[in-house]
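All values below were derived from every heavy atom in this structure, side-chain atoms included, with hydrogens, water molecules and symmetry-related copies excluded. As the structure is a prediction and not an experimental result, all values here were calculated from the model. So that the names make sense, note that chain A is the first sequence line, chain B the second, and so on, each numbered from 1.
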Protein chains: 2
Amino acid sequence: MARTTGSDGEKTEAAVREAAVNLIARQGYEAMSMRQLAAEVGVQAAALYRYFPTKEELLFTLMREHMEGLGAAWERARPADAEPRRRLSAYVRNHIAFHIERRHATHVSNMELRSLSPERLTHILRLRTAYEKELRAILRDGADSGAFSIDDVGLTAMALIQMMTGVIVWFRPDERLSIAEVTATYLSMTMRLVGAKVESTEERHVHEHAQLRA
Amino acid sequence: MARTTGSDGEKTEAAVREAAVNLIARQGYEAMSMRQLAAEVGVQAAALYRYFPTKEELLFTLMREHMEGLGAAWERARPADAEPRRRLSAYVRNHIAFHIERRHATHVSNMELRSLSPERLTHILRLRTAYEKELRAILRDGADSGAFSIDDVGLTAMALIQMMTGVIVWFRPDERLSIAEVTATYLSMTMRLVGAKVESTEERHVHEHAQLRA
DNA sequence: GAATTAATTGAACGTTCGTTTTATTATTAT
DNA sequence: ATAATAATAAAACGAACGTTCAATTAATTC
């Protein structure tokens, strides 16, 4: 056989990406074979090389697009307002929403960094650092203006990101808590963690609704 | 050749464990070959099978002993005192100290769960759950007694563990902050996160010394 | 409808993998 | 000294790996 009826390059490439994200998230990059990925897509392994020159390039593409998507999402979500509490609130909401929606891709981007060549690793880390820098700026502004009470800005930023991204490890959309409830609780924890002095009306409203369990 | 002069089973096994932890932490379990591990130890691959029947059994042994060690460390560190703030403080200190001391082993235990067979995975997860349960108990007691102000105990426990364990991702012992400084800052963040009402004299003392950066 | 291009198959390449087997040497016990 | 045992080397196993290549068919263009 050769070309199959109804075959379409764009559809196949999209199917490869999706299957790859799921397989790598579940088994790990090294444990996923190109043959297994091809079988998942319903194609022979050789066909994959029409879309990605190597296995690592496939991994890199998935990671790069995920990180670029995260940055782009924050660009859209970033409030014009300069008020630190509102900016931090927007950052937390965007971060959690983005990562819950893309659990598998996040897993891949966080766990498979060591499978990248040095140059590609640097590329991904640069994207990540730029995104984290935004959080540090918010924390610093808030600390300077007295809106937050923070011991160490860099350390607090890492702690917050670690805490928020950790959601994808245990969160399952069909269980006890909804995305909105989880987000509200994490917002509340974040604000306390940075020692946010006074809350805006909007946020106090959210916190009240976050009293899920006494 | 066969047995080499000065060869000793106990020493070889210890060397295998140490090399395996480092290699798996750096490259991942799947990416580490038995031949590479053997070369690191200075031995032939076949010799490894005298100590571990399979590659997976080696991984499992490393993980199990790490998790058992974590539980045992907490047993020793757990205060007789029932006061929630003091118990939480002890939990945080023990957790951070243990994980910073065993960065590589922690990495392995957190990242390579998917390489375990279902039964072995269950075994490890049981150990982990038992350890996390201790934290949930502390948080619940504190919430019940009014010492803490917590929205959701389960969620807060996950957030705290995620945040604390995250230290190993970025902490390097030779950099800006000492272990003591990091621990102090994390203690401060933890107490704020759980809304600890009043601090003991001992802890306020620590917090004052944690003002590393304004 | 013929020529061209796009998409895929099937087979094969050399390499590496985890593991097993057998032989050999060092150490320990008798 | 000799026998038993512990620790390793060396070689080999079949299977699986990422990747390449030539052939073949479907879709598109002219």
Side-chain angles (χ1 to χ4, degrees), chain A residues 1-24 26-63 108 112 114-117 119-120, chain B residues 1-24 26-63 108 112 114-117 119-120:
Chain A
M1 305 297 136
R3 180 167 192 170
T4 55
T5 64
S7 65
D8 176 344
E10 278 193 33
K11 283 183 189 171
T12 304
E13 177 166 355
V16 170
R17 283 167 195 257
E18 190 190 330
V21 167
N22 291 334
L23 280 176
I24 297 175
R26 205 178 319 140
Q27 318 185 341
Y29 169 76
E30 296 279 355
M32 178 199 74
S33 76
M34 295 299 269
R35 286 172 177 83
Q36 184 186 13
L37 172 58
E40 193 82 5
V41 177
V43 102
Q44 290 297 316
L48 302 175
Y49 289 84
R50 181 169 239 299
Y51 306 100
F52 301 96
T54 63
K55 190 186 178 189
E56 196 201 322
E57 187 72 39
L58 165 59
L59 174 65
F60 176 66
T61 301
L62 297 176
M63 286 184 163
V108 172
E112 306 296 347
R114 60 187 167 200
S115 295
L116 293 176
S117 70
E119 307 81 37
R120 292 188 178 120
Chain B
M1 303 302 131
R3 179 168 192 172
T4 56
T5 63
S7 64
D8 175 345
E10 279 193 32
K11 282 183 187 171
T12 303
E13 177 166 355
V16 169
R17 283 167 194 257
E18 191 189 332
V21 167
N22 293 334
L23 280 177
I24 297 175
R26 206 178 317 140
Q27 318 185 343
Y29 168 76
E30 297 279 355
M32 177 200 75
S33 76
M34 295 299 269
R35 285 172 177 84
Q36 185 186 12
L37 172 58
E40 193 82 6
V41 178
V43 102
Q44 290 297 317
L48 302 175
Y49 288 83
R50 181 166 239 296
Y51 306 100
F52 302 96
T54 63
K55 191 186 177 189
E56 197 201 320
E57 187 71 39
L58 165 59
L59 174 64
F60 176 66
T61 300
L62 298 176
M63 286 183 163
V108 173
E112 307 296 348
R114 58 188 169 201
S115 295
L116 294 176
S117 71
E119 307 79 39
R120 292 188 177 121

* Asked: Can you tell me how far C1' of C:dA7 sits from CG of A:L48, to the nearest Å?
  -> 12 Å
* **Closest to side chain of B:R35, choosing from C:dT20, D:dT20, C:dT19** => C:dT19
* If only side-chain N and O atoms of A:T4 are considered, is one of them under 4.0 Å from the OP1 or OP2 phosphate oxygen of D:dT25? -> no
* For the pair made of CD in B:E57 and P in C:dT19, what is the distance, rounded to whole Å? -> 11 Å
* Asked: Below 4.0 angstrom from OP1 or OP2 of D:dC17, is there any side-chain N or O of A:S33?
  -> yes
* To do: Take the protein atom CG of A:L23 and the nucleotide atom P of D:dG18, then report the distance between them rounded to whole Å.
  => 12 Å
* A:A47 or B:A45: which one's nearest nucleotide on DNA chain C is closer to the 5' end? -> A:A47
* **Residues A:R114, B:E112; criterion salt bridge (charged side-chain N to carboxylate O under 4.0 Å, His left out); working and verdict** => CA-CA 13 Å; A:R114 60 187 167 200; B:E112 307 296 348; 2.7 Å; yes
* When you get a sec, tell me which of C:dT19, D:dC21, D:dT8 is the closest nucleotide to the side chain of B:M34? => C:dT19
* Asked: If we call it a pair only when both distances are under 3.5 Å in a Watson-Crick or G-U wobble match, what pairs with C:dT30?
  -> D:dA1
* May I have the distance from B:E30 (atom CD) to D:dC17 (atom P), rounded to whole angstrom? => 10 Å
* Asked: Considering only side-chain heavy atoms of B:T54, which listed nucleotide, C:dT19, D:dT19, C:dG10, is closest?
  -> C:dT19
* Is there a side-chain polar atom (N or O) of A:Q44 under 4.0 Å from OP1 or OP2 of C:dT8? -> no
* To do: Applying side-chain contact (heavy atoms from CB on, under 4.5 Å), run through A:Y51 and A:R17 and close with a yes or a no.
  => CA-CA 10 Å; A:Y51 306 100; A:R17 283 167 195 257; over 6 Å; no
* Structure fact -> Closest of C:dT21, D:dG18, C:dT9 to the A:Y49 side chain is D:dG18
* Asked: Starting at CD of B:Q36 and ending at P of C:dC17, how long is that distance when rounded to a whole Å?
  -> 8 Å
* Which comes earlier along DNA chain C counting from the 5' end, the contact point of B:Y29 or that of A:R50, where each point is its nearest nucleotide? -> A:R50
* **Spacing of A:L37 atom CG relative to D:dC17 atom C1', expressed in whole Å** => 14 Å
* **Which atom of A:Y29 lies closest to which atom of A:K55, heavy atoms considered** => O-NZ, 2.9 Å
* Roughly how many Å is it from CD1 in A:I24 to P in D:dG18, rounded to a whole number? -> 11 Å
* Asked: Going through the distances and angles, do B:R50 and B:E13 end up as a salt bridge (charged side-chain N to carboxylate O under 4.0 Å, His left out)?
  -> CA-CA 9 Å; B:R50 181 166 239 296; B:E13 177 166 355; over 6 Å; no
* Do B:T54 and B:E56 get their side chains close enough for a donor-acceptor pair, meaning under 3.5 Å? -> no
* Gap between atoms NZ and C1', on B:K55 and C:dT19 respectively (whole Å) -> 12 Å
* Asked: Think B:Y51 has a side-chain N or O under 4.0 angstrom from the OP1 or OP2 of D:dT8?
  -> yes
